[in-house]
J.: 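Before we start, here is the structure in question, set down as structure tokens.
A, B, ... follow the sequence lines: proteins, then strands. Residue 1 opens every chain.
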Amino acid sequence: MVPAQSSIRNWTRTACTTGLHVMLLAYSIVVLYPFFLMIVTSFKSTREIFFSPFGLPAQPGFETYLKVWKNASFNVYFANSAIITGVSVLLILAVGSLAAYGLARYNFRMNTAIYLFFLAGLMLPIRLGIVPLFLLMKNLNLVDTRSALILTYVANGMPFAIFVLTGFFRTLPGELEEAARLDGCGEFMIFHRVMLPLIRPALATVTIFNFVPLWNDLFFPLIFIRSDALKTIPLGMTLFFGQYETEWGLLFAGLVIATIPLATLYLFMSRQFIKGLTAGAIK
Amino acid sequence: MRVIASSAGNFLRKHVYVAFILPALLIYVVFLVYPLLSSLYYGFFQWDGITRGAFMGLANFKKLLAESPYNVRFFSALKHNIHFFLMTMAVQNLVGLAFALILSRGIRGASVYQTIFFMPYTMSVIVLGFLWSLILNPTWGVFNKLLATVGLSGLARPWLGDMATALPAITLVNAWHWVGFPMLVFLAGLEAIPAELHEAARLDGAGGWKLFRRITMPLLMPSITIVTILTFIGNFNAFEIIFAMEGSSGGPYYATDVLGTLFYRTAFGEAGGFSGQDIGLGSAIAAVMFVIIFAISYLGTRFMRSREMQY
């Protein structure tokens, strides 16, 4: 009786696990199929897209890609996205770690107040300041420049960077600083040579947390950028979709090109991506 | 000149932290705090294009809340934001919780599933929004063709063009995009619950649902708070997904118009909606959105925190 019962229990458990796997696999298909479809369709002719939507392309051709690359300026968009995101992230790291160090390692009267003042930015719906921000950029003659985006992104990046980096700097032992000071290091040298290298993991978190949303942002480029030569990938996509509304092969090829950079990075660094992007919500 | 320079040098030597903090503080105040605070009072002025005119008290707010067609558009957008939030909680966050519960049981391949489910999270709203609007396109898209293949062609419809299905369809695409985030937050929350608690309860005879209801749920409250508040802030700031899939007027016929698109159209001017640009009215919308988002996320956090328990 006993072995029979336990084998029934084993059987139910296996059935249950199998059921869960089926569910998880089914949802994996729901996630992956649109991307598969996107890639396959980008190699099809317009006729094929309409008459055999699920089939593989009869003669896969790169014409769509050549045409997209020639007619749409994805190389320009890509360069703009790279410059704007890259410079913004570097400045967030530089300016943010300086401030975090000042707040974490020096005692002065306004310390806590300034720290909380920065942290308040984590809770505020920052985009709602866009009208005054736009007028400010206009007065500074920065509308339709990369600097408008970079300055906005650096300001938006401060609260999280300072929150994470201050926490890390506070954990470092004070003896390090004192020893370096006795060796005759200046304050900036201590920060730069001794303390900064010790918080590399936190810098990685701040990098990914900012890199992905900035790379993907549409809102601020939509407001600030007018010239085609300054458009980022997301903003360029809106232009591209308006122009080639009916040429579906091209549209899908454009989507593939826009997806490739981050998808490739994610493929190789998914662990770091997940950790960086959920930082703050997960301790 | 030299006196000033050397006294500044002395000041900095004594207060070296100022040099560390100043750049960040400057950028933060000029490009974030100042615009955000200004957006709260710009709505009290008359605007002629981008030139600020006379102070006009609550006139813009009255227009927004009590004058047709502005109030119709405003309350319909607010209603859509609320629907969007409630549907997202029910679909995205419950599914995220379900996946977290499954994956926390140490199922084989858990980290692979996790990586796959989180993948869309790293991609841009505009790319995924465009991709899904091609898939859902009534003449060309594969979704309706897929329904036809499995014999459900009766269900096929222009999902994004039908006023009844447009917002639910966008909610599903949005959930598909972000579900990895609540899943991971819940997963981390579940992993933080000490295993002894579950064992002790099981020894006391609690099983399945009771275990979940009495032990897991209360201890998961901190994660539930974070996910709920972040979902609320995200949904009430929504703009890009609507812009990508339905345009800045939240079509079809404003069926997906949310506060974000209404604000954008009003403040920056666009075809449809009110003609041209109205910075005064736009700022009034921004101020109302600010108050709603700030008040509800603050009160919501406090209320939900009070229901969290310690162990």
J.: Of all of A:I126, A:L267, A:L218, A:L265, which one pairs up most often with chain B through heavy atoms under 4.5 Å apart?
T.: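 Answer, by heavy-atom pair count under 4.5 Å with chain B: A:L218.
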J.: In terms of heavy-atom proximity below 4.5 Å to chain A, should B:L25 be classed as side chain, backbone, both, or neither?
T.: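 It is both, since atoms from each part get that close.
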J.: For the pair A:N111 (side chain) and A:I114 (backbone), establish whether a donor and an acceptor sit closer than 3.5 Å, ignoring hydrogens and angles.
T.: no
J.: Under 4.5 Å from any heavy atom of chain A, what part of B:V227 do you find: side chain, backbone, both or neither?
T.: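 Neither part.
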J.: Counting heavy-atom pairs under 4.5 Å with chain A, which one of B:L128, B:I50, B:L26, B:T301 comes out on top?
T.: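 Greatest number of close heavy-atom pairs with chain A: B:I50.
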J.: Check each atom of A:M158 against the heavy atoms of chain B and say whether the ones under 4.5 Å are side chain, backbone, both or neither.
T.: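 Just its side chain gets close to chain B.
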J.: Step through it carefully: locate the ring centre of A:F160, locate the ring centre of A:F209, and say whether they are under 6.0 Å apart.
T.: yes
J.: Between OG of B:S153 and CG of B:L146, what distance do you get to the nearest 0.5 Å?
T.: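 B:S153 atom OG to B:L146 atom CG measures 12.0 Å (nearest 0.5 Å).
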J.: Out of curiosity, A:F54 CZ to B:T149 OG1, how far, rounded to the nearest 0.5 Å?
T.: 4.0 Å
J.: Who among A:L251, A:L222, A:V95 has the most heavy-atom pairs with chain B under 4.5 Å?
T.: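 Between A:L251, A:L222, A:V95, the count favours A:L222.
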J.: Of all of A:I49, A:V212, A:V131, which one pairs up most often with chain B through heavy atoms under 4.5 Å apart?
T.: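 Counting heavy-atom pairs under 4.5 Å, the top option is A:V131.
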J.: Given heavy-atom pairs under 4.5 angstrom as the criterion, report whether the side chain, backbone, both or neither of B:F118 touches chain A.
T.: both
J.: Given heavy-atom pairs under 4.5 angstrom as the criterion, report whether the side chain, backbone, both or neither of B:V33 touches chain A.
T.: side chain
J.: Is it the case that A:E187 and A:Y106 place a side-chain donor and acceptor less than 3.5 Å from each other?
T.: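 A:E187 vs A:Y106: donor-acceptor pair found between side chains.
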J.: Look at A:L20, A:T259, A:L262 and state which one has the largest set of heavy-atom pairs under 4.5 Å with chain B.
T.: A:L20
J.: Nearest 0.5 Å, what's the CZ-OG1 distance between A:R105 and A:T166?
T.: 11.5 Å
J.: As an exercise: rank A:Y101, A:W215, A:F188 by heavy-atom pairs under 4.5 Å with chain B and give me the winner.
T.: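 The answer is A:Y101.
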J.: When you measure from the centre of the six-membered ring of A:F219, is the NZ or CZ of A:R127 closer than 6.0 Å and no more than 45° off the axis?
T.: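 Yes, A:R127 and A:F219 form such a contact.
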J.: Chain A heavy atoms under 4.5 Å from B:I116: which part of the residue, side chain, backbone, both or neither?
T.: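 The answer is both parts of B:I116.
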J.: Just checking, is any N or O donor in the side chain of A:N107 or B:Y17 under 3.5 Å from an acceptor N or O on the other one?
T.: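 Absent: no donor and acceptor within the cut-off.
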J.: Quick check: under 4.5 Å, non-hydrogen atoms only, which of residues 92-100 of chain B neighbour chain A?
T.: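 Within residues 92-100 of chain B, the residues that come under 4.5 Å of chain A (heavy atoms only) are B:F99.
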J.: Distance from A:S270 atom OG to B:Q114 atom CD, nearest 0.5 Å?
T.: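 Separation between the atoms: 9.0 Å.
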J.: Under 6.0 Å from the six-membered ring centre of A:F50 and within 45° of its axis: does the NZ or CZ of B:K145 meet both?
T.: yes
J.: Side chain from CB out, backbone as N, CA, C, O: work out which of these in A:F191 comes under 4.5 Å of a heavy atom of chain B, or both, or neither.
T.: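 Answer is side chain: those atoms of A:F191 sit under 4.5 Å from chain B.
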J.: Does a sphere of radius 6.0 Å around CZ in A:R271 hold more than 12 heavy atoms from other residues, nucleotides or ligands, not counting ones at 6.0 Å or beyond?
T.: no
J.: At a heavy-atom separation under 4.5 Å, does A:L135 approach chain B through its side chain, its backbone, both, or neither?
T.: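 Just its side chain gets close to chain B.
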J.: Given the options B:F181, B:Y42, B:F130, which has more heavy-atom pairs under 4.5 Å with chain A than any of the others?
T.: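 Among the listed options, the one with the most contacts to chain A is B:F130.
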J.: In residues 25-42 of chain A, what donor-acceptor pairs under 3.5 Å come from side-chain atoms, sequence neighbours left out?
T.:
residue	atom	partner	partner atom	Å
A:S28	OG	A:L24	O	2.8
A:T41	OG1	A:L37	O	2.5
A:S42	OG	A:I39	O	2.6
A:S42	OG	A:Y65	OH	2.7

J.: If I measure from the heavy atoms of chain A, does B:L134 come under 4.5 Å with its side chain, its backbone, both, or neither?
T.: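 Both backbone and side chain of B:L134 come within 4.5 Å of chain A.
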J.: Give, as side chain, backbone, both or neither, the part of A:L136 having an atom under 4.5 angstrom from any heavy atom of chain B.
T.: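 Only the side chain of A:L136 comes within 4.5 Å of chain B.
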J.: Please check: side-chain N/O of A:N216 versus main-chain N/O of B:T122, any donor-acceptor pairing under 3.5 Å?
T.: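 Yes; judged by distance alone, with no hydrogens or angles, the pair exists.
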J.: Given the options B:F117, B:F263, B:Y34, B:F236, which has more heavy-atom pairs under 4.5 Å with chain A than any of the others?
T.: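 It is B:F117.
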J.: Measure distances from B:I27 to the heavy atoms of chain A and classify the residue's part below 4.5 Å as side chain, backbone, both or neither.
T.: both
J.: Specify the closest pair of heavy atoms between A:A281 and B:V185, including all atoms of both residues, with the distance to one decimal.
T.: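 Closest approach of A:A281 to B:V185: CB-CG2, 4.0 Å.
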J.: Please flag which part of A:L140 lies under 4.5 Å from any non-hydrogen atom of chain B: side chain, backbone, both or neither.
T.: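 Interface part for A:L140: side chain.
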J.: Could you check which of B:N137, B:V18, B:V125, B:L103 has the highest count of heavy-atom pairs closer than 4.5 Å to chain A?
T.: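 Highest number of pairs under 4.5 Å: B:N137.
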J.: Judged by atom type as modelled, is there a donor-acceptor pair below 3.5 Å linking the side chain of B:W140 to the main-chain atoms of A:T246?
T.: no
J.: Do any side-chain atoms of residues 281-298 of chain B form donor-acceptor pairs under 3.5 angstrom with protein atoms, and if so which ones, sequence neighbours left out?
T.:
residue	atom	partner	partner atom	Å
B:S283	OG	B:I279	O	2.8
B:S297	OG	B:I293	O	2.6
B:S297	OG	B:F294	O	3.4

J.: Heavy-atom pairs under 4.5 Å with chain A: which of B:Y121, B:W132, B:W176 has the most?
T.: B:W176
J.: Can you tell which of B:I107, B:I233, B:L40 has the highest number of heavy-atom pairs within less than 4.5 Å of chain A?
T.: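 When all of B:I107, B:I233, B:L40 are compared, B:I107 has the most.
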J.: For A:N156, check side chain to side chain donor-acceptor pair (under 3.5 Å) against everything at least two apart and list the hits.
T.: none
